[in-house]
Amino acid sequence: MIVGVDIDGVLANQIHGVIPRIKERWGVELTYEDVTHFRLPIADTDIAVEIVDAMTTPDYLLGMPVHPGAHELLDSLAAQHEVKLITARPTHALAATRRWLEVHGLHYDELVSAAETLKSQHGADVLIDDYTGNISEFLERSDGYAILLSQPWNQDLADLDRWLLSKRLYVAKDLRDAQEMIARLEAGSPLQTVDQRN
(Lines give C-alpha, C1' and ligand atoms only; values in the text may rest on other atoms or scores of the structure.)
Protein backbone atom coordinates (compact mmCIF):
# COMPACT_ATOMS: atom_id res chain seq x y z
CA MET A 1 0.00 0.00 0.00
CA ILE A 2 0.90 3.65 -0.27
CA VAL A 3 0.31 5.16 3.15
CA GLY A 4 -0.04 8.91 3.27
CA VAL A 5 0.98 10.43 6.58
CA ASP A 6 0.43 14.03 7.62
CA ILE A 7 3.22 15.79 9.52
CA ASP A 8 1.77 18.53 11.73
CA GLY A 9 -0.50 17.08 14.39
CA VAL A 10 0.50 13.52 13.47
CA LEU A 11 4.30 13.21 13.47
CA ALA A 12 5.15 16.71 14.71
CA ASN A 13 3.82 18.74 17.61
CA GLN A 14 3.20 22.04 15.84
CA ILE A 15 1.47 23.53 18.90
CA HIS A 16 4.41 23.40 21.35
CA GLY A 17 6.51 26.04 19.61
CA VAL A 18 3.68 28.36 18.63
CA ILE A 19 2.35 28.75 22.20
CA PRO A 20 5.19 31.08 23.32
CA ARG A 21 4.93 33.04 20.07
CA ILE A 22 1.22 33.61 20.67
CA LYS A 23 1.86 34.73 24.26
CA GLU A 24 4.55 37.15 23.08
CA ARG A 25 2.59 38.52 20.12
CA TRP A 26 -0.94 38.55 21.51
CA GLY A 27 -0.62 38.18 25.29
CA VAL A 28 -2.73 35.02 25.19
CA GLU A 29 -1.68 32.02 27.28
CA LEU A 30 -2.59 28.60 25.90
CA THR A 31 -1.90 24.96 26.60
CA TYR A 32 -1.98 22.15 24.05
CA GLU A 33 -5.37 21.04 25.40
CA ASP A 34 -6.80 24.57 24.96
CA VAL A 35 -6.50 24.24 21.17
CA THR A 36 -9.98 22.78 20.73
CA HIS A 37 -10.57 24.09 17.21
CA PHE A 38 -8.43 23.89 14.10
CA ARG A 39 -8.88 27.64 13.64
CA LEU A 40 -9.03 28.62 17.31
CA PRO A 41 -9.59 32.41 17.46
CA ILE A 42 -6.75 34.40 19.03
CA ALA A 43 -7.27 38.17 19.27
CA ASP A 44 -7.49 39.36 15.62
CA THR A 45 -6.21 36.12 14.14
CA ASP A 46 -6.40 32.36 14.72
CA ILE A 47 -4.01 29.57 15.59
CA ALA A 48 -3.81 28.20 12.04
CA VAL A 49 -2.65 31.60 10.75
CA GLU A 50 -0.12 31.83 13.59
CA ILE A 51 1.26 28.37 12.74
CA VAL A 52 1.64 29.23 9.05
CA ASP A 53 3.37 32.48 10.01
CA ALA A 54 5.72 30.59 12.35
CA MET A 55 6.66 28.28 9.47
CA THR A 56 8.62 31.13 7.91
CA THR A 57 11.09 30.63 10.78
CA PRO A 58 13.40 27.62 10.41
CA ASP A 59 13.96 27.53 14.20
CA TYR A 60 10.24 26.89 14.72
CA LEU A 61 10.21 24.07 12.17
CA LEU A 62 13.43 22.48 13.41
CA GLY A 63 12.39 22.79 17.06
CA MET A 64 9.12 20.87 16.81
CA PRO A 65 8.93 17.88 19.16
CA VAL A 66 8.15 14.48 17.64
CA HIS A 67 4.86 12.98 18.78
CA PRO A 68 5.21 9.77 20.82
CA GLY A 69 5.00 6.70 18.60
CA ALA A 70 6.06 8.48 15.38
CA HIS A 71 9.29 6.49 14.98
CA GLU A 72 7.56 3.17 15.62
CA LEU A 73 4.74 3.99 13.19
CA LEU A 74 7.05 4.99 10.34
CA ASP A 75 9.44 2.09 10.93
CA SER A 76 6.53 -0.34 10.87
CA LEU A 77 5.07 1.19 7.72
CA ALA A 78 8.42 1.39 5.91
CA ALA A 79 8.96 -2.33 6.42
CA GLN A 80 6.02 -3.22 4.17
CA HIS A 81 4.62 -0.14 2.47
CA GLU A 82 5.52 3.03 0.64
CA VAL A 83 5.40 5.94 3.08
CA LYS A 84 4.42 9.24 1.51
CA LEU A 85 4.47 12.24 3.82
CA ILE A 86 1.71 14.54 2.57
CA THR A 87 1.85 17.93 4.24
CA ALA A 88 -0.03 21.18 3.80
CA ARG A 89 3.14 23.05 4.75
CA PRO A 90 4.07 25.72 2.22
CA THR A 91 6.79 24.78 -0.23
CA HIS A 92 9.25 27.25 1.35
CA ALA A 93 9.12 25.09 4.52
CA LEU A 94 10.07 21.83 2.81
CA ALA A 95 13.86 22.17 3.10
CA ALA A 96 13.62 22.68 6.88
CA THR A 97 11.05 19.88 7.01
CA ARG A 98 13.48 17.47 5.33
CA ARG A 99 16.17 18.51 7.78
CA TRP A 100 13.80 17.96 10.74
CA LEU A 101 12.93 14.48 9.45
CA GLU A 102 16.62 13.67 9.03
CA VAL A 103 17.62 15.00 12.46
CA HIS A 104 14.91 12.91 14.12
CA GLY A 105 15.61 9.78 12.06
CA LEU A 106 12.07 9.55 10.70
CA HIS A 107 11.90 7.16 7.74
CA TYR A 108 9.81 7.88 4.65
CA ASP A 109 9.90 7.33 0.90
CA GLU A 110 8.60 10.65 -0.39
CA LEU A 111 7.73 14.09 0.96
CA VAL A 112 5.10 16.06 -0.95
CA SER A 113 3.44 19.40 -0.36
CA ALA A 114 -0.33 19.42 -0.65
CA ALA A 115 -0.44 23.17 -0.02
CA GLU A 116 -1.73 23.79 -3.53
CA THR A 117 -3.47 20.46 -4.12
CA LEU A 118 -5.80 18.11 -2.33
CA LYS A 119 -4.48 15.22 -0.25
CA SER A 120 -6.53 12.79 -2.36
CA GLN A 121 -4.40 13.65 -5.42
CA HIS A 122 -1.24 11.92 -4.22
CA GLY A 123 -2.15 8.28 -4.79
CA ALA A 124 -2.37 7.13 -1.16
CA ASP A 125 -4.39 4.04 -0.30
CA VAL A 126 -4.59 5.13 3.34
CA LEU A 127 -4.30 8.61 4.85
CA ILE A 128 -3.35 9.27 8.47
CA ASP A 129 -4.25 12.86 9.35
CA ASP A 130 -5.46 15.02 12.25
CA TYR A 131 -7.62 17.48 10.28
CA THR A 132 -11.22 16.42 9.65
CA GLY A 133 -11.36 18.53 6.49
CA ASN A 134 -8.49 16.56 4.95
CA ILE A 135 -10.10 13.28 6.01
CA SER A 136 -13.46 14.19 4.41
CA GLU A 137 -11.83 15.38 1.20
CA PHE A 138 -9.68 12.27 0.93
CA LEU A 139 -12.58 9.87 1.50
CA GLU A 140 -14.87 11.81 -0.85
CA ARG A 141 -12.39 11.85 -3.75
CA SER A 142 -10.67 8.49 -3.40
CA ASP A 143 -11.45 4.86 -2.69
CA GLY A 144 -8.97 4.77 0.15
CA TYR A 145 -9.22 4.43 3.90
CA ALA A 146 -8.49 7.11 6.48
CA ILE A 147 -7.28 7.17 10.04
CA LEU A 148 -8.03 10.31 12.04
CA LEU A 149 -5.50 10.81 14.82
CA SER A 150 -7.41 12.12 17.82
CA GLN A 151 -6.34 15.60 18.91
CA PRO A 152 -8.07 18.27 21.03
CA TRP A 153 -9.06 20.18 17.86
CA ASN A 154 -10.87 17.28 16.14
CA GLN A 155 -13.28 15.97 18.75
CA ASP A 156 -16.44 17.00 16.86
CA LEU A 157 -17.01 14.09 14.49
CA ALA A 158 -20.51 15.03 13.30
CA ASP A 159 -19.27 15.68 9.75
CA LEU A 160 -17.57 12.28 9.66
CA ASP A 161 -20.47 10.07 10.76
CA ARG A 162 -21.13 8.69 7.29
CA TRP A 163 -17.48 7.75 6.88
CA LEU A 164 -17.39 6.00 10.24
CA LEU A 165 -20.45 4.01 9.17
CA SER A 166 -18.91 3.24 5.76
CA LYS A 167 -16.07 1.30 7.45
CA ARG A 168 -13.51 3.46 5.65
CA LEU A 169 -12.65 5.67 8.61
CA TYR A 170 -11.08 4.84 11.96
CA VAL A 171 -10.35 7.22 14.84
CA ALA A 172 -7.01 6.42 16.46
CA LYS A 173 -6.40 7.54 20.04
CA ASP A 174 -2.62 7.65 19.39
CA LEU A 175 0.00 6.57 16.86
CA ARG A 176 0.25 3.07 18.30
CA ASP A 177 -3.48 2.70 17.68
CA ALA A 178 -2.96 3.93 14.11
CA GLN A 179 -0.22 1.35 13.64
CA GLU A 180 -2.58 -1.41 14.80
CA MET A 181 -5.21 -0.17 12.35
CA ILE A 182 -2.77 -0.44 9.45
CA ALA A 183 -2.07 -4.03 10.54
CA ARG A 184 -5.82 -4.72 10.43
CA LEU A 185 -5.99 -3.36 6.90
CA GLU A 186 -3.02 -5.51 5.88
CA ALA A 187 -4.88 -8.54 7.21
CA GLY A 188 -7.98 -7.62 5.22
CA SER A 189 -10.01 -6.78 8.33
CA PRO A 190 -12.55 -3.98 7.99
CA LEU A 191 -12.19 -0.69 9.80
CA GLN A 192 -14.19 -0.33 13.00
CA THR A 193 -17.57 1.36 12.63
CA VAL A 194 -17.46 3.15 15.99
CA ASP A 195 -15.20 5.71 17.55
CA GLN A 196 -12.36 3.75 19.18
CA ARG A 197 -11.10 6.52 21.46
CA ASN A 198 -13.10 5.39 24.52
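Connectivity analysis of hydrophobic side chains (ILVMFWY, heavy atoms under 4.5 Å, direct or indirect) links Val112 to Ile86.
Counting heavy atoms from C-beta on, the side chains of Val126 and Val5 never come closer than 4.5 Å. Side-chain contact between Val49 and Ile42: absent, with no pair of heavy atoms (C-beta onward) separated by less than 4.5 Å. Between Thr57 and Arg21, the closest side-chain pair of non-hydrogen atoms falls below 4.5 Å. You'll find the side chain of Glu110 stays beyond 4.5 Å of the side chain of His122, heavy atoms only.
Residues meeting the side-chain contact (heavy atoms from CB on, under 4.5 Å) test with Asp125, sequence neighbours left out: Met1, Ile2. Remark: Thr87 engages no residue in a side-chain hydrogen bond (donor to acceptor under 3.5 Å, both in side chains) (not counting sequence neighbours). Listed by chain and residue number, nothing satisfies the side-chain hydrogen bond (donor to acceptor under 3.5 Å, both in side chains) test with Asp161 (two or more places apart in sequence, or in another chain). Checked against ring pair (Phe, Tyr, Trp, His ring centres under 6.0 Å), Trp153 has the following partners two or more places apart in sequence or in another chain: Tyr32. Every residue two or more places apart in sequence or in another chain was checked for a salt bridge (Lys or Arg N to Asp or Glu O under 4.0 Å) with Asp109, and none qualifies. Arg39 pairs by the salt bridge (Lys or Arg N to Asp or Glu O under 4.0 Å) definition with Asp46, not counting sequence neighbours. Take Glu180 and apply the salt bridge (Lys or Arg N to Asp or Glu O under 4.0 Å) test, not counting sequence neighbours, and it matches no residue. For the ring pair (Phe, Tyr, Trp, His ring centres under 6.0 Å) test, no residue two or more places apart in sequence or in another chain qualifies with Tyr60. Judged as a salt bridge (Lys or Arg N to Asp or Glu O under 4.0 Å), and not counting sequence neighbours, Glu72 has no contacts. For the side-chain contact (heavy atoms from CB on, under 4.5 Å) test, residues two or more places apart in sequence or in another chain that qualify with Gln80 are Glu186.
Each of Leu118 and Val10 belongs to its own hydrophobic cluster when Ile, Leu, Val, Met, Phe, Trp and Tyr are linked at side-chain heavy-atom distances under 4.5 angstrom. Note on Leu73: it clusters hydrophobically with Leu185, by side-chain heavy-atom contacts below 4.5 Å among ILVMFWY residues. Note: the hydrophobic cluster containing Ile51 also contains Trp26 (ILVMFWY, side chain heavy atoms under 4.5 Å, direct or indirect links).
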Leu139 and Leu160: side-chain contact (heavy atoms from CB on, under 4.5 Å), yes or no, with the steps? CA-CA 10 Å; Leu139 291 170; Leu160 299 178; 5.7 Å; no

Given Leu85 and Leu106, is the side-chain contact (heavy atoms from CB on, under 4.5 Å) satisfied, shown in steps? CA-CA 11 Å; Leu85 303 184; Leu106 294 167; over 6 Å; no

Using the rule given for side-chain contact (heavy atoms from CB on, under 4.5 Å), can you reason through Asp53 versus Thr45, listing the C-alpha separation, both sets of side-chain angles and the distance that settles it, and then say yes or no? CA-CA 11 Å; Asp53 184 62; Thr45 186; over 6 Å; no

With side-chain contact (heavy atoms from CB on, under 4.5 Å) as the test, would you mind laying out the steps for His71 and Val66 before giving the verdict? CA-CA 8 Å; His71 290 95; Val66 177; 4.1 Å; yes

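His67 contributes no side-chain N or O that, together with a main-chain N or O of Leu11, makes up a donor-acceptor pair within less than 3.5 Å. For Gln151 (side chain) and Gly9 (main-chain N/O), a donor-acceptor pair under 3.5 Å exists by modelled atom type.
In plain terms, the two heavy atoms of Ser113 and Pro90 that are nearest each other are OG-C, 4.5 Å. What you find for Ala178 and Ala172 is that their closest heavy atoms are N-CB, 3.7 Å. The two residues Val83 and Ala78 come nearest to each other via the heavy atoms CG2-N, 3.8 Å. For Gly17 against Pro20, the heavy-atom pair with the smallest separation is O-CD, 3.5 Å.
Between the side chains of Tyr131 and Asp8, no donor-acceptor pair is found at a separation under 3.5 Å. Glu137 and Ser142 share no donor-acceptor pair across their side chains, judged by distance under 3.5 Å alone.
Within 6.0 Å of the NE2 atom in His16, the count of heavy atoms belonging to other residues, nucleotides or ligands does not exceed 12. Annotation: Arg176, atom CZ; neighbour count of heavy atoms from other residues, nucleotides and ligands within 6.0 Å does not exceed 12. For His37, the NE2 atom sits in a loose shell: 12 or fewer heavy atoms of surrounding residues, nucleotides or ligands are nearer than 6.0 Å. At most 12 non-hydrogen atoms from other residues, nucleotides or ligands lie less than 6.0 angstrom from CG of Asp159.
We find the CD1-CZ distance between Ile128 and Phe138 to be 10.5 Å, quoted to the nearest 0.5 Å. Annotation: the span from Leu149 atom CG to Asn154 atom CG amounts to 7.5 Å, rounded to 0.5 Å. Atom CG of Leu30 sits about 6.0 Å away from atom CG of Leu40, to the nearest 0.5 Å. The distance from atom CD1 of Ile19 to atom CD of Gln14, rounded to the nearest 0.5 Å, is 10.0 Å. Rounded to the nearest 0.5 Å, atoms CE (Met181) and OH (Tyr145) are 9.0 Å apart. How far CG of Asp6 is from CG of Asn134: 6.5 Å, rounded to the nearest 0.5 Å.
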Output side-chain donor-acceptor pairs under 3.5 Å for residues 93-103, partner residues at least two apart or in another chain, one line each.
residue	atom	partner	partner atom	Å
Thr97	OG1	Arg89	NH1	2.7
Thr97	OG1	Ala93	O	2.7
Arg99	NH1	Glu102	OE2	3.4
Trp100	NE1	Met64	O	2.8
Trp100	NE1	His104	NE2	3.2

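Between Leu169 and the choices Leu127, Ile135, Thr132, Ile147, the side-chain contact (heavy atoms from CB on, under 4.5 Å) rule is met once, by Ile135.
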